[in-house]
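Quick notes on the structure that follows.
Basis for what follows: all heavy atoms, side chains included, without hydrogens, waters or symmetry-related copies.
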Amino acid sequence: VARERYFGMRGTVAEQPALLQRVRNAAGIEPTEQLAGGLCPSLTFRQRLYGFALCFCVGVSISVTSLFSFSQLLLGHPMPFAIKYTVGNVLSLVSMCFLVGPNRQLRNMTSSTRWIAALVYLVAMGLTLVSCFVFRTKGGALIVLICIVVQFCAMAWYALSYIPFGRKLLKSCLRSAVDV
């Protein structure tokens, strides 16, 4: 029986799904789905995958390079760090629009299990940028730092909602760490 899955009637290897088809299936994208109202609907799936990878990698790179400006944040100049970190997070979040389209991304973000984390994440990003432009004193740097911590925690909580039992595992780890 197992042999029949991999070999055809004549003993040749049966056609396996292509890598892109397996990625589509894992992402939950139907092959016939025409991402209506999507980001650049004329793009092929391969082009969407490249767009996602490029946008995500650039976003993560910008967020990571913001750490080089962390000392400026501690010295009371929060703008370079806050802008780089937040723009990197926005690009990483927007990268999913290449795969599933902006409408579906918005539906995912507003689902019953994610909307609070998504809202806190978006508000924290906005407050981070506003606070770095409005409060330019050392006290402003503290406000920016608080907003960035909230932003990071909300992003992690939001991302864990996509991992089966991810939030439950984190709660369990935190409980065991507090009990020690």
Run the side chain to side chain donor-acceptor pair (under 3.5 Å) test against S66 and tell me which residues pass, sequence neighbours left out.
none
Are L129 and I62 connected into the same hydrophobic cluster when the rule is that any two of I, L, V, M, F, W, Y join if their side-chain heavy atoms are below 4.5 Å apart?
yes
T65 vs K84, side chain to side chain donor-acceptor pair (under 3.5 Å): CA-CA, chis, key distance, verdict:
CA-CA 8 Å; T65 59; K84 289 177 195 173; 5.6 Å; no
Show the nearest heavy-atom pair for residues Y121 and Q151, with the distance to one decimal.
CD1-O, 3.5 Å
Kindly write out the residues that satisfy side chain to side chain donor-acceptor pair (under 3.5 Å) with R114, not counting sequence neighbours, or none if the list is empty.
S161
Should K171 and L174 count as side-chain neighbours, where that means a heavy-atom distance under 4.5 Å?
no
Is there a path of hydrophobic side-chain contacts, each under 4.5 Å between heavy atoms, that joins L67 and L73?
yes
Could you state the interatomic distance from CE (M109) to CG (L93), rounded to the nearest 0.5 Å?
4.5 Å
Give the cluster check for L122 versus I83: same hydrophobic cluster or not, with ILVMFWY residues linked at side-chain heavy-atom distances below 4.5 Å.
no
Establish whether M125 and W157 are linked, either directly or via other cluster members, by ILVMFWY side-chain heavy-atom contacts under 4.5 Å.
no
I'd like a table of donor-acceptor pairs (distance under 3.5 Å, sequence neighbours excluded) in which one partner is a side-chain atom from residues 85-92, with atom names and distances.
from: T86; atom 1: OG1; to: A82; atom 2: O; distance (Å): 2.9
from: S92; atom 1: OG; to: G88; atom 2: O; distance (Å): 3.0

Checking K168 now: which residues fulfil side-chain contact (heavy atoms from CB on, under 4.5 Å) with it, not counting sequence neighbours?
F165
For the pair S69 (side chain) and Q72 (backbone), establish whether a donor and an acceptor sit closer than 3.5 Å, ignoring hydrogens and angles.
no
Inter-residue atom distance L170.CG - R167.CZ, 0.5 Å rounding
10.0 Å
Report, as yes or no, whether the 6.0 Å neighbourhood of atom CZ on F52 holds more than 12 heavy atoms from other residues, nucleotides or ligands.
yes
Could you tell me which residues satisfy ring-ring contact (aromatic ring centres under 6.0 Å, His included) with Y162, sequence neighbours excluded, listed by chain and number?
Y158
Is the shortest side-chain heavy-atom distance between R104 and N108 below 4.5 Å?
yes
For V123, side-chain contact (heavy atoms from CB on, under 4.5 Å) partners two or more places apart
L119, L127
Tell me, please, which residues at least two apart from S61 pass side-chain contact (heavy atoms from CB on, under 4.5 Å).
none
Under the rule for side-chain contact (heavy atoms from CB on, under 4.5 Å), what residues qualify as partners of I163, not counting sequence neighbours?
L160
Can you tell me how far apart CG (N103) and SG (C97) are? Round to the nearest 0.5 Å.
9.0 Å
Closest approach of T128 and C147, non-hydrogen atoms and distance?
OG1-CB, 3.2 Å
Decide whether L106 and F98 are clustered together by the hydrophobic rule: side chain heavy atoms of Ile, Leu, Val, Met, Phe, Trp, Tyr closer than 4.5 Å, transitively.
no
F70: what forms a ring-ring contact (aromatic ring centres under 6.0 Å, His included) with it, not counting sequence neighbours?
F81
Check which hydrophobic residues are tied to V149 through side-chain heavy-atom contacts below 4.5 Å, counting indirect links as well, and list them.
none
